[in-house]
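The figures that follow rest on heavy atoms only: side chains count, while hydrogens, waters and symmetry mates do not. Counting from 1, the numbers follow the sequence of the chain as shown. Counting starts at 1 for both ligands and their atoms, in listed order. Here the structure is a predicted model, which is why all the values come from computation and not from measurement.
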Amino acid sequence: MYNRAEVVDQNFIKFLSHLQFPKSKKEIFYEGKLIKLIKPSELVDLFESQIVSRHLDLRARILKNSNQCFYTIGSSGHEGNAVFGKYFRHTDMAFLHYRCGAFMVQRTKQVPGISAIYDAMLSFVASSEDPISGGRHKVFGSKALNIPPQTSTIASHLPKAVGAALSISRAKELNLPSVIPSDGLVLCEFGDASANHSTAVGAINTASWIAYQNIPLPLVFICEDNGIGISVHTPKNWIESNFSNRPGIKYVKADGLNLLDLVIKTNEVETYVRQTRRPVFFHIEVIRMLGHAGSDVEFNYHTLEQIEAIEFQDPLLHSARILIENKILSSNQIIGMYEEIRARIEHVGQYVITRPKLLKPEEIRSSVIACDHLRVAPERPSEKQREKVFGNEFARLKTPQHLAKLLNYTLIDLLAQYPGACVFGEDVAQKGGVYNVTDGLFLKFGAKRVFNSLLDEQSILGTALGFAQNGLLPIPEIQFLAYVHNAEDQIRGEASTLAFFSKGQFTNPMVVRIAGLPYQKGFGGHFHNDNSLAVFRDIPGLILAVPSNGLDGARMLRRCVREAYEKGRVVVFVEPIALYMTKDLHQEGDKGWCFAYPDPEDEIEIGDFAFHSKQSPLENDILIITYGNGVYFSLQAQKILGEKHKLNVHVLDLRWIAPLNKKKIFSVAKDFNNILIVDECRQTGSLSEGLVAMLVEEFNSLSKIPEIHVIAAHDCFITLGVAAAAGLPSRDEIIKKCFEISLQNNLEIREVKSE
Ligand SMILES: Cc1ncc(C[n+]2csc(CCOP(=O)(O)OP(=O)(O)O)c2C)c(N)n1
Ligand SMILES: [Mg+2]
């Protein structure tokens, strides 16, 4: 009784033998127009996919019982989605729900040379031969079928589905090659409980916001409503009440247990979206069988009677009824088909458990930044072309400018060089961004490439993911660092895991520009001066850049865009707001923080740091390791300490926070006995922690351990007003600390001498 998989399996044969079938919700006769829509043989074909999907679920559980399978969330009750696998083209990019087994099986039939059964079972057993993730996760995904793998985080794929749908016409208008054909569309499947997630709600709102403005958005949201999320019931009619009246989004409902109703409605939806390029919310009523997953004990929240009643609505029984009623197959033929598929899957099951698994850490890691479709960056525009694009500004390129201006110039050059590059975010278009970094780009490159998003960071990043998966090169802007946090899953859970879970078959290259870090004079309090990068530092494969000045900023941003374009990398580029307009370094008017715009070919490689040092280090010199605003203060301190106090300080500007170039940093650090780390971020979780640990480790290889000191920001949020910089590293604190270090050194020298 507790093993419902066995019961459901046996009941299918039993009910079929006794011709005991669940009734259809409404009578749909297979005749006239419907026969034209789907031939009897095609109905059998759909049914076959449904049975394959069911047996995959059953076999997964059998394999799990002998610890051979690691994933048992199944598709039982949802097998109607086979119909979507038939009527949507395999080139329509599909972001799937984890109950889309039958969809996968059916879509596979559109492309020769793929085995749905073998591939699915390789992923059940986490074999390294699993063609999509190489044994890293059981995901539905396939390059050939245009199905990017999804993570387990429910609803996180909706924002990128919106982005991908939006990118279809964008690619066409810009005359760019794209992954999704220009008459293609995007499918996005999710469950009824997931529809409540703020990520889903946000994405559906974004779709509505776009379609409401008559911007093309060929997107089908498919909500597979089984009325429950693990053990929590969805209120009756909630999905329909909630989603049937969204501006710009057509609502269509289908009986997901009835193949004929699904065929009719799917055809209607497919034609509508493909022709009108407008989105649909396709509501499919299904059931969930066999609990949430193999480990879910459904008896904890459902009675046996409830479970049996649900199971009797088995979509396979509904399909069998339709085929028998219409004299397409007999019950014996269906049982024969059911058993033949069982035998086939059992056979494959015996084989897949012999296939290799991932074992070594380096094998597992190998796909973190993998990319199997490397590209070469387009040619840079000629000087003549640049002159045209820059217009009046061209003559000023060699005039020293601050960071904001040089980043602006860089974006102009990059937009001119990469035809697929798009800059978007809140207020980036006509206004030119809060800090003018995107000033004028809208006028130069137009609304197709430089556009305002709605106010939702999740959608901004989702748009980036979707654009990237369709071949464009997104450069989204997040207005302030503090505001990336409500959307960080899009970078952390989605963008950065894509290559990993697809062995680099899918990537979503992007450069996310974020204005951030503290020290803004007279503005903002905590939310405009957020000072923590911790959330990015631990993401495997992510490139995290923090320029300290415009010269570096320009050359680093170019490199970031190249890394994204050529290697599919995900890059976060944090721009220190306080340095955007900073012109002087040591004294008013010295223009020490203004730089001429570097030549277009000039880039800084990932991991290349700057070393501001006037001479080879002497025994008691101090090395400051820092980045961002810390560089600015450290250089000021360096001058004062050197000129007034004859104390030699050398400053290493990391530029790249992740990945850290450990060996190279150590090659400088090893010559020092005194190291000071200046970190403007909150101490806990800050880079300083990682740097100290890294240095201690590296110094193990030498006989000496240097003194390592840290000045980091307090573990506190930032206030408004005059005390905004209290608790943050300052020039004077750096000077004081260097004094203390040198005093200590002198004491020690004296002690040694007196011994
Ligand atoms: C963001 C997030 N929160 C929680 C979970 C755990 N979880 C996995 S599936 C699920 C229920 C989803 O229900 P529904 O969307 O109705 O899909 P169904 O399983 O019913 O097909 C939950 C809570 C998760 N995967 N992701
Ligand atoms: Mg559900």
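If you count the protein N, O or S atoms nearer to the Mg ion (ligand 2) than 2.8 Å, you get 3.
A distance limit of 4.0 angstrom between heavy atoms and ligand 1 selects the residues H78, H97, Y98, R99, S152, T153, I154, G191, D192, A193, S194, H197, N226, I228, G229, I230, H292.
Here R99 does not pair with E79 in a salt bridge; the nearest charged N to carboxylate O distance is not below 4.0 Å. Between D92 and R274, at least one side-chain N (NZ, or NE/NH1/NH2) sits under 4.0 Å from a carboxylate O, which counts as a salt bridge. In this structure, R492 pairs ionically with D538, as a charged nitrogen and a carboxylate oxygen lie closer than 4.0 Å. Ionic pairing of K86 and D45 is not present here: no N-O contact between side-chain nitrogen and carboxylate oxygen is shorter than 4.0 angstrom. Under the 4.0 Å criterion applied to side-chain N and carboxylate O atoms, R342 and D9 are assigned as salt-bridge partners.
By the 4.5 Å heavy-atom criterion applied to side chains, S128 and E363 are not counted as neighbours. At least one side-chain heavy atom of I287 sits less than 4.5 Å from a side-chain heavy atom of P315.
Heavy-atom contacts from other residues, nucleotides or ligands closer than 6.0 Å to CG of N245 number 12 or fewer.
Between the side chains of E224 and H97, no donor-acceptor pair of N or O atoms lies under 3.5 Å.
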